[in-house]
Amino acid sequence: MNVRGTVAGSVEVRTVSTSYGESDLAEVPVQLTDVTSTDGSQEACDQTTLEASDGPARERTAELETQTKAELETLTTVTITCWGKWAESADLLEPGMEILVTEAEEREYQGEQQYSTTGDSYVVVEPDFLVNVTDIRSWVECPRLYYLNKLSGVPLNYPVTKGTLVHEVFGDLLRGQDLEASIEERIDERGLELGLLGESPKSVAEDVRQNAAAIEGWLEQGRLTEDEKSGDEDGNESFAPAESEWRSEQLLISETFGIRGRADAIRRGAPVELKTGKNLKKEPRFKDKVQAACYALLLEEHGGSVDTGTLLYTKNSALDRNEETGDLTPAKDFSMGSGLLKFVVRLRNEIAAMEFDDGVPTGHEGNAKCEYCFERDTCMVVSGRLDQESKAGQIGTALPAEEREYFDRIYRAIEEERREVHREYAKLWEQDAEERAEDDRALIDLEFLEKRELEGGRWELRARQRSPATSKIREGDLVLASDGHPVRGEAELARIERFGDERAERNSANDSSGPQPQELVLTADEPVEVTRLDIYPSELTTDRLLTALHDALLKGSERRKDVLFGRADPAFEDTEEVFIDNNERQNEAVTKAVTAEDCALIHGPPGTGKTYTIARAIRAMVERGDRVLLSAFTNRAVDNALEALREQGFTDFIRVGTESGVREDMLSHRLERSGDPEERLAELEEAQVVAATTATCGSRTMKEQSFDVALVDEAAQLTEPGTYAAINLAERFALVGDHEQLPPVVRAENELSESLFERLVELYPDAGVMLDRQYRMNQRIQVFASREFYDGELRPATPEVAGRTLEDLEGVSQDDLPEPLRDPVSFVDVAGDASQYTDSEEAARIAGLIETYEAAGVERESIGVIAPFRAQVSEIGNHVPSDVAVDTVDRFQGSSKEVIIVSFVATGDLEGPIFEDYRRINVALTRPKRALVLVGDRRALESDPVYERMLEWADR
DNA sequence: GCTCTGCGCAGAGGA
């Protein structure tokens with residue numbers, strides 16, 4: 001049986017003598033959460049064990065969860081005895097951690113129920129924490145390596161790029177591709193990367209060819225022996241291996257062992273790992289064996305039974321005949337006993353236990369000799385700066401206490417975010433399909449339509465929704481495509497190429513028959529018969545935040561840090577130049593941005609011409625000879641700023657980003673990754689202005705770039721390390737934002753929810769400027785936001801803006817509106833229904849309001865509806881025509897409409913963070929130009945002072 | 001409980 005629970009006390013480890021001799025054991029007090037029988041017959045297929053574990057045991061878990069804390073404390077804890085080497089893993093446990101023991105034995109001892117490990121058992125610490133195979137690999141070599149990779153990332157270097165290329169070509173060969181065609185294509189794809197490395201396609205191709213020769217020879221050899229066995233003599237020219245024998249690059253997740261990774265290849269169910277190094281020894285390198293053993297464990301959970309692995313060292317050639325063995329091939333087969341597999345799980349447990357604590361790791365070295373280590377310098381610098389003990393020694397001086405304290409704090413906060421990502425992974429198997437679909441994290445019950453092999457051996461897969469459903473899955477996303485279950489079934493990492501059938505979209509645009517079932521087109525390495533798609537959680541963002549923090553604190557200039565830590569005031573040059581002559585604050589903002597020697601802060605309330613100001617500042621910087629990085633949290637903001645630049649006649653910029661992220665009208669400026677290395681490099685390096693999201697600024701490519709100035713928009717929506725990702729690349733920086741609007745989106749409540757922008761604005765009021773004239777709202781609309789959020793400083797830029805009404809629009813007559821709606825701000829009292837996140841009465845009333853405005857001549861496209869919850873957004877969507885924009889507050893930020901209707905979904909009380917955060921209401925109320933209608937329950941709104949003032953303003 | 005954008009995924013390796 002499998003036993004799972006939460007550690008409820010301290011673990012006792014001791015040595016006892018048994019009939020087999022001395023043995024270690026650890027006694028772990030555990031509060032059981034799950035006991036699953038595994039003694040089913042051998043024939044039992046995966047599906048039945050699956051159902052068994054979803055049955056009574058799950059119900060018991062649910063029962064436990066609903067019990068009160070007090071009740072839980074009185075529950076009896078049981079003892080799990082971990083024998084032998086498992087005592088080492090048990091010794092890592094701390095109260096609160098989760099433990100899973102497979103194939104455990106149950107017995108009664110002195111009236112107490114006990115469990116213990118058996119010879120077939122595995123002990124898994126924190127099983128929900130998925131550890132990467134490559135992390136286990138570096139951990140076994142030296143735990144410091146694991147930290148260093150995590151903290152500072154792996155920079156661009158040729159050996160790594162070459163290794164990647166050889167792997168890609170290997171995969172192509174397995175998929176039956178022609179060698180030369182594959183090499184050419186793969187090198188072309190990495191044009192930009194090779195350009196940055198200063199490599200020519202010709203020499204790289206030669207390198208790859210040499211490595212590939214070893215692979216081809218080996219594949220050919222394997223094919224011959226297979227042919228002999230099967231008597232097949234069809235003389236097939238291609239090296240394409242028999243389909244059933246091989247599988248390339250499979251992503252595997254183990255919910256039992258808490259491991260995930262992608263195997264290079266699988267041959268007859270056993271892992272094959274490719275290494276582009278040379279190894280003339282008889283045995284594979286130990287860390288390589290460990291890596292292969294990880295994949296073996298993963299494959300075993302997916303129904304295989306694995307006892308061998310193969311390592312392919314492609315630098316070995318026939319000339320390198322091994323002295324000892326006479327071995328001619330680059331391949332080394334080795335057997336994997338249960339001892340190795342268990343050792344691997346214990347390594348994995350060490351990482352999982354260490355990551356349970358989210359503090360900065362101190363790190364300890366393995367037995368490897370530091371003098372041979374390629375990471376030695378980085379290792380010494382990190383130990384020196386963080387004042388950690390190091391066998392290799394330390395370089396540099398330790399960070400001052402306040403910086404060290406800050407580093408620790410932000411490190412923890414980022415790790416908390418990472419943990420949230422891990423919780424998302426766990427949900428892949430903890431939630432059932434319906435729950436995931438309800439959470440918008442999966443599309444289920446898809447109808448598989450067809451698969452089509454593409455050139456290059458990949459597959460195009462098509463599926464269709466049986467009924468319309470919403471999800472967070474979008475075009476360009478990477479998803480887990482499965483035939484039913486993302487972890488237990490056949491699953492493959494796939495990219496969403498197209499989402500939505502064009503025909504269906506066109507048909508639904510003009511009727512209100514509601515949403516149509518959508519058609520999906522995906523691409524993947526293998527032809528999965530897709531019936532379900534799950535969002536694939538990614539740690540990429542947290543990884544990049546961590547390296548941005550590392551770079552800012554450990555590698556950043558002292559002057560920069562003096563400013564960040566409040567030890568030196570930002571300095572500015574003098575200038576008499578006037579950049580904008582009709583708006584004093586905008587001119588001051590551009591002046592500050594251009595003359596800043598450290599940093600400038602531009603506070604831009606709604607409609608104050610932020611984007612225009614940014615574009616003007618960039619042009620002025622370029623004129624002074626500066627190379628400028630333009631960045632923002634979202635793609636939309638980056639493209640908006642570029643659009644403003646283009647409107648001002650400036651087009652010497654390059655947009656770096658993904659094809660699906662960059663807006664269509666900016667795609668012509670997008671830097672392609674593929675092509676001629678020198679051309680790509682020139683495009684990037686010769687651009688005066690480079691624009692990318694902050695996430696992209698943390699990419700390997702962008703980290704190779706340097707700038708004079710970084711200008712960051714939407715800075716109030718960025719976490720501190722998120723901001724560093726951009727400003728680390730530049731000497732000076734200017735942040736533009738509004739901390740009275742939406743804060744950063746973070747999963748966990750922590751330090752990351754305050755932006756660097758906000759902190760610096762408070763720290764250095766003199767380095768900042770607030771734009772105070774807005775070009776959007778009728779004066780009456782603007783009053784409340786100005787008073788409530790901007791100390792009354794916000795005012796209309798011109799009399800025209802102050803006095804704008806619907807009457808100015810062509811074909812609109814205010815006389816056709818009912819009296820209350822003639823005022824630019826009005827309130828509609830709706831008693832509302834009792835549901836929590838929707839309100840159908842409000843929705844119906846809003847539909848009526850839209851008809852009223854339409855009757856008065858207002859076009860549907862000029863009207864927007866804002867609701868606090870997505871549920872209400874779709875409720876309203878069911879009531880109103882599809883050409884009226886209906887969205888959440890968050891997604892409306894940055895845009896505006898002539899008429900805005902706000903649905904408050906407020907009945908009874910106003911509890912809930914959505915309403916507590918007044919910044920949200922600021923955003924909602926400042927979207928309209930000419931008319932604002934508030935729809936909600938007066939009594940509920942009056943219960944809060946801010947909303948009460950809002951009503952007074954609307955009532956006037 | 002609710003809001004939710006990004007990112008070539010994971011891994012590629014030098015003696």
Side-chain angles (χ1 to χ4, degrees), chain A residues 132-135 137-138 141 145 149 154 156-168 170 189-190 193 249-252 260-264 273-280 285 287-288 291 315 369 371-375 440 472 474 476-480 492-495 524-525 536-545 632-638 657-661 673 692-701 714 717-718 722 725 742-747 836-837 867-873 887-893 905 911-917 919-920 923:
Chain A
N132 261 338
V133 169
T134 43
D135 285 339
R137 181 178 194 259
S138 52
E141 188 174 6
L145 262 184
N149 277 341
V154 178
L156 193 65
N157 62 354
Y158 181 59
V160 171
T161 299
K162 188 186 74 181
T164 309
L165 278 166
V166 173
H167 274 76
E168 286 171 343
F170 176 52
E189 276 175 9
R190 291 185 183 271
E193 197 177 321
E249 302 191 68
Q250 190 180 8
L251 177 81
L252 295 155
R260 96 186 120 124
R262 194 164 68 175
D264 285 345
E273 256 305 294
L274 188 66
K275 295 291 163 200
T276 46
K278 187 183 267 214
N279 179 1
L280 296 180
R285 283 180 297 212
K287 59 181 177 182
D288 297 340
Q291 186 175 7
K315 240 190 184 172
K369 285 199 177 108
E371 53 254 82
Y372 299 134
C373 181
F374 288 90
E375 301 296 339
D440 288 341
K472 292 180 176 168
R474 293 168 307 174
D477 280 359
L478 214 52
V479 294
L480 273 170
E492 194 72 31
L493 217 44
R495 170 130 3 235
D525 278 346
Y536 184 67
S538 168
E539 285 178 74
L540 190 130
T541 310
T542 44
D543 285 345
R544 287 192 179 170
L545 291 182
F633 179 54
T634 61
N635 278 308
R636 197 188 55 196
V638 172
T658 60
E659 209 177 337
S660 56
R673 246 197 298 256
T693 58
T694 48
T696 299
C697 287
S699 69
R700 226 163 281 169
T701 306
E714 283 187 347
Q717 282 189 76
L718 279 166
L742 298 180
V745 173
V746 283
R747 291 183 168 89
Q836 207 174 359
Y837 303 116
F869 311 114
R870 273 158 46 102
Q872 177 69 351
V873 166
D887 232 321
T888 55
V889 183
D890 303 63
R891 289 206 262 198
F892 247 105
Q893 173 147 332
V905 199
E911 273 176 44
I914 271 291
F915 286 107
E916 270 164 22
D917 196 337
R919 287 173 287 193
R920 261 203 175 78
V923 176

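Chain naming here is simple, since letters A, B, ... match the order of the sequence lines and numbering starts at 1 in each.
Under the side-chain hydrogen bond (donor to acceptor under 3.5 Å, both in side chains) criterion, A:R137 pairs with A:D288, A:Q291, sequence neighbours left out. Shown here are the salt bridge (Lys or Arg N to Asp or Glu O under 4.0 Å) partners of A:R700, two or more places apart in sequence or in another chain: there are none. In terms of the side-chain hydrogen bond (donor to acceptor under 3.5 Å, both in side chains) criterion, A:Q893 has no residue partners (sequence neighbours excluded). Residues that satisfy the salt bridge (Lys or Arg N to Asp or Glu O under 4.0 Å) test with A:K287, not counting sequence neighbours, are A:E141. Partners of A:E249 by salt bridge (Lys or Arg N to Asp or Glu O under 4.0 Å), not counting sequence neighbours, listed by chain and number: A:R175, A:R262. Among residues two or more places apart in sequence or in another chain, the side-chain hydrogen bond (donor to acceptor under 3.5 Å, both in side chains) test is passed with A:D543 by A:R418. A:E659 is linked by a side-chain hydrogen bond (donor to acceptor under 3.5 Å, both in side chains) to nothing, counting only residues two or more places apart in sequence or in another chain.
Separation of the P atoms belonging to B:dT3 and B:dC7 is 23 Å when rounded to the nearest angstrom. Comparing the P positions of B:dA15 and B:dG11 gives a spacing of 23 Å, expressed to the nearest Å.
With hydrogens and angles ignored, a donor-acceptor pair under 3.5 angstrom links the side chain of A:R920 to the base of B:dT3. Applying the 3.5 Å distance criterion, the base of B:dG6 shares no donor-acceptor pair with the side chain of A:T693.
In DNA chain B, no stem built from three or more successive Watson-Crick or G-U pairs (distances below 3.5 Å) is found.
With A:H167 contributing its side chain and A:D264 its backbone, the two residues share no donor-acceptor pair below 3.5 Å.
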Annotated protein contacts, base or backbone, on nucleotides 8-15 of chain B with a non-hydrogen cut-off under 4.0 Å, one of B, S, - each: BBBBBBBB
